[in-house]
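One structure is given below, encoded as structure tokens.
No hydrogens, no waters, no symmetry mates; every other heavy atom, side chains included, goes into these values. Each chain gets a letter, A, B and so on, in the order its sequence line appears, and its residues count up from 1.
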Protein chains: 2
Amino acid sequence: MSQTLAIDGRPLGRRAQLTRRRLLDATYELLQTHGIRDVRVVEVARKVGTSPATFYQYFRDVDEAVLVLADEAAEEVEPVARLLDEPWNGKGGLESARDLVDRYFRYWDEHRALMRVRNLAADEGDQRFRDVRNRTLGQVTDRIAEAVAENQRAGRVPPEITPYSAAAAMVSMLERMASYHFDLEPRGVTRRELVETTARILHHTITGRKT
Amino acid sequence: MSQTLAIDGRPLGRRAQLTRRRLLDATYELLQTHGIRDVRVVEVARKVGTSPATFYQYFRDVDEAVLVLADEAAEEVEPVARLLDEPWNGKGGLESARDLVDRYFRYWDEHRALMRVRNLAADEGDQRFRDVRNRTLGQVTDRIAEAVAENQRAGRVPPEITPYSAAAAMVSMLERMASYHFDLEPRGVTRRELVETTARILHHTITGRKT
DNA sequence: CGGAAACCTCACGGGGCGTCAGATTAGTCT
DNA sequence: AGACTAATCTGACGCCCCGTGAGGTTTCCG
């Protein structure tokens, strides 16, 4: 896509684009198997069959490559977030909630390692990572906040609730459950139960309706 | 505590206990200012005025020191979790919920850096860290699950909800909100609103009562 | 085919890691 | 106090990764 630049500012030719892509892919793969602290530039380079110096032509460090990957993953959230565009009040509301939770879990299952590092870096204060995270979660948060506000106007959600706070709380719950369900399932809860329960909490918080 | 051992298995004398403690404290302090990936054994040692080799007498690596710290922090959760021992159905229920959320946030504010690393390591699959996390969160989760189950028996919580799942969801929400509110507040939500809203969701999920 | 531009790598100084043999300190007994 | 012993600490080293800049190799284009 468009104007990705090398570290020295030059635009990338065809060969360079390819190398960069392979470096990104290798980084992604290593992230699956190693903790972030053990992802070495040398190893990324080795995996691509190139030299470490090449890596530094395209990224200042491993984090910067991860940032690009996180940015790419941000786009895949949109179709999930869209599930919030239909109002959840009616009959199919609960089913939409289930669907959202399930797909959110799957999104995380897909990008688990990436999300982990993105969140760590964001929590540690790195502004670039905060931005990607906000861009990603914002797609969901904003829609939930809007829905809550609407139901609040209709008198179904109590006035003491702040729509944006509620949205943040729901996204927090989703995120952590998505990241966590792996640790939970071996402990005697099924995924189905997790999805069903989470969906119901989500549905009620947004719509204010009893289930 | 009592029988803390050195890496070679020998029990620690008075001098050694002190050195170990100072190393732990230094690790904790460095964690406040550096991302975990930049906490160097050399620097911990320097801070204590000792040599890196000394560090390795007591801990296999930085993570192991962090693990001990996380373990210590686990005990401070108990008084917070106790807020769940009184039933939340009655009049003061909502106030108890606010109290819990507020204190949970404060607990995190206090141990932010530590919690972050604990969660990262646990999510990356390190069993020791999963265990501390479960021991910590379990204190809250188990109590919530129990409360939900009770209210479910009384017919206030729908039968499709799994008490343990709901508890996990609530703890997830709490954890993430606690870790996240820093990033949220500069974006135009007040802490009061966050606490109030989170408390209400928590209260309703546990008791099934309208607020 | 030849030259310029684009891309890649060699080779190196710097620094943290983790170990172990040996030095230093504290404790104990006479 | 002196001297012996166990406990504790550290100097010094080999290893490996980092990140850079000068110089080599490939690609592109006339």
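Listed by residue number, A:Thr50, A:Ser51, A:Ala53, A:Thr54, A:Gln57, A:Tyr58 are the residues of residues 48-69 of chain A with a heavy-atom contact under 4.0 Å to DNA chain C.
In this structure, B:Thr19 does not reach the D:dT8 phosphate: none of its side-chain N or O atoms is under 4.0 Å from OP1 or OP2. In this structure, B:Arg10 reaches the D:dT8 phosphate: one of its side-chain N or O atoms is under 4.0 Å from OP1 or OP2.
Looking only at atom types and distance, the side chain of B:Tyr104 has a donor-acceptor partner in the side chain of B:Glu175 under 3.5 Å away. Side-chain contact, B:Ser179 with B:Arg176: a donor N or O sits under 3.5 Å from an acceptor N or O. Side-chain contact of A:Arg10 with A:Gln57: a donor-acceptor pair under 3.5 Å is present, judged by distance alone.
For the pair B:Leu23 CG and D:dT10 C1', the computed distance is 14 Å after rounding to whole Å. Computed from coordinates, the B:Asp8 CG to C:dT19 P distance equals 12 Å when rounded to whole Å. Atom CZ of B:Arg40 is separated from atom C1' of C:dG14 by 13 Å (rounded to the nearest Å). Rounded to whole angstrom, the span from the CD1 atom of A:Ile7 across to the P atom of C:dC8 amounts to 14 Å. Rounded to whole angstrom, the span from the CG atom of B:Leu5 across to the P atom of D:dT8 amounts to 12 Å. If you measure from atom CZ of A:Arg20 to atom C1' of C:dC8, you get 17 Å, rounded to the nearest angstrom. Nucleotide C:dG15 holds its P atom 13 Å from the CD atom of B:Glu43, rounded to whole Å. A:Arg37 has its CZ atom 18 Å from the P atom of C:dG16, to the nearest Å.
Where B:Val41 and B:Arg14 each meet DNA chain C at their nearest nucleotide, the meeting point lying more 5' is that of B:Val41.
Side-chain contact between B:Val41 and B:Tyr56 is present, with at least one heavy-atom pair separated by less than 4.5 Å.
Nearest nucleotide to the A:Arg15 side chain, out of D:dC9, C:dC7, D:dC17: C:dC7.
Remark: of the listed residues B:His204, B:His203, B:Glu196, B:Glu196 is the sole one forming a side-chain hydrogen bond (donor to acceptor under 3.5 Å, both in side chains) with B:Arg200.
Ring geometry for A:His111 against A:Tyr28 counts as perpendicular: the plane angle is over 60°, on a 0 to 90° scale with 30° as the lower cut.
Summarising the geometry, atom CG belonging to A:Leu120 is positioned 8.5 Å from atom CG belonging to A:Asp63; distances are rounded to the nearest 0.5 Å.
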